[in-house]
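Take a look at the structure set out below.
Counting starts at 1 for both ligands and their atoms, in listed order.
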Amino acid sequence: MDIESWTFRVERLLSMKAVRLMQLGKPLQDAEVAIPALGPSDLLVRVAACGICHSDAHYRAGISSIDSLPVTPGHEVAGRVEAVGEEVTHVSPGDRVCIHYLVSCGACDFCLRGNEQFCTKVQMIGKHRDGGYAEFIAVPGRNVIALPDEISFEQGAIMMCSSATALHALKKARLKSGESVAIFGFGGLGYSALQLARAFDCGEGYVVDVNSAKLLRAAALGGVPIDANAGDPVQQILHATSGKGVDVAIELVGSAPTMQQAVRCLAVQGRAAMVALSRESVSLLPYPGLINKEAEVIGVSDHLASELPVLMDLACGGKLCFPEGTLRPVSLNATQINAALDAVEKSTDHIRTVVVPRS
Ligand SMILES: [Zn+2]
Ligand SMILES: [Zn+2]
C-alpha cells in the first residue's frame, strides 16, 4: 500500500460521517468529522438509529435559537456502546443503549430537585452539542439507559423524545384513571400519547388530525378519530361527550387554532397540556374558557431521565409499540435527511422517520 492510501485509511479510522447544520435556514450538509474524544466519565455510542423530529426542522429553519454552528442535529438516539471512559462502569462496549438528550450539571437547584430540564447549564444533544445524525456520538455515561433486546433500536430512539415527552405531558396534565383525553396531532408524540393514556387506563381517547391514514391508525389503537377536515373538532368532541368536554387535552400541533381548540374542548376542571413549539400567539375568552370551568393550561417542557425506565417497561410489556409501517428508515445522507425534514413540516402518513446509518 502506498503512503497516500495508507494515510487516507488511518484518517478514515479516526473520522466519521455526519450530517450537519452549517448555516441557519440552509439545508443540512454531509461532512466528514473527527470521532469525538472521550473524557473519563464519557462514552462513545455507535449510532444504530436516530429519529428525525419536528424540532430539528425548527433548528434548520432558525426558529429555535442555536448558539454555535456548525452542529450535528439529532436528539433521539439509540445504538451500541463502542468505548467507555475509565470512570464508566455501568455499561460496557457492545451494550445496547438509548440516550437521554439533556446533558445537565447534576448540581444546580433544578437538577437537585429532579427538574433537570431547567438546569442552568443544560445542553441539549443535537442543538447545543453534536447529536446523532452521525456514525458515533459521545455523551456523559449517566445519559445512557439500557435498551432491552426486545425493543428495536428504531423504537428505542424515538421513545427518547416522542414517547418520553408524551409521558411527561400526561403526567403534567395529571391524567387519572377513567378520565377522557383529546390528543391534537397524531405524529410520534400523539401515537405515543394515545398508547400511554390507554396503558394508564384512561376513558375515551379522542384523536384530532387532518390525515385520514393517521386517523385510521388512531382507531386501530382504540382511539376515537376526530377528522378536523369534517368540521370544528371542538363541536365534534362536545357532541361525542354529551356536551361535557374532555378532562385532559394534549396539544401537539403548535398552531393557534389547535391550541385554542385544546382549551375550548375542556370539561369542568379540565387540563390542557401545551407541548408543541410555536411562535403563534393565542387568544382565549377567559370567563367561558377558563374561569367558569376552573380549567388549566399547562406548559410542558421536555421530560426527565427518571421517566425513561417507565417507557422501557411499557414497551417490553407490549403497551407501547411502533409496528411495521409506522417508522420509515432513511440513510445517513444529507439529501435524504433534508427531504425528511421538509416532510415533517407537512402531514405525512407515517408516524416517524428514523436515520439508520447502516441502511
Ligand atoms: Zn424530538
Ligand atoms: Zn443543573
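When the side chain to side chain donor-acceptor pair (under 3.5 Å) test is applied to Lys171, the partners found at least two apart in sequence or on another chain are Glu307. In this structure, the side chain to side chain donor-acceptor pair (under 3.5 Å) partners of Asp302, at least two apart in sequence or on a different chain, are Tyr101.
The environment of Arg198 atom CZ is sparse: at most 12 non-hydrogen atoms of other residues, nucleotides or ligands sit within 6.0 angstrom.
A salt bridge links Arg60 with Asp342: the closest approach of a Lys/Arg side-chain nitrogen to an acidic carboxylate oxygen falls below 4.0 angstrom. Under a 4.0 Å N-O distance rule, the pair Lys319/Asp313 does not qualify as a salt bridge.
At a cut-off of 2.8 Å, measuring from the Zn ion (ligand 1), the protein N, O or S atoms that fall short of it are Cys53 SG, His75 NE2, Glu76 OE2, Cys161 SG, waters left aside. Listed by chain and number, the protein atoms of type N/O/S under 2.8 Å from the Zn ion (ligand 2) are Cys105 SG, Cys108 SG, Cys111 SG, Cys119 SG; waters are omitted.
Considering only heavy atoms from C-beta on, Leu320 comes within 4.5 Å of Ser192 through its side chain.
Side-chain contact, Ser41 with Glu87: no donor N or O sits under 3.5 Å from an acceptor N or O. A donor-acceptor contact closer than 3.5 angstrom is absent between the side chains of Thr326 and Arg217.
Residue Phe118 holds its CZ atom at 10.0 Å from CG of Leu102, rounded to the nearest 0.5 Å.
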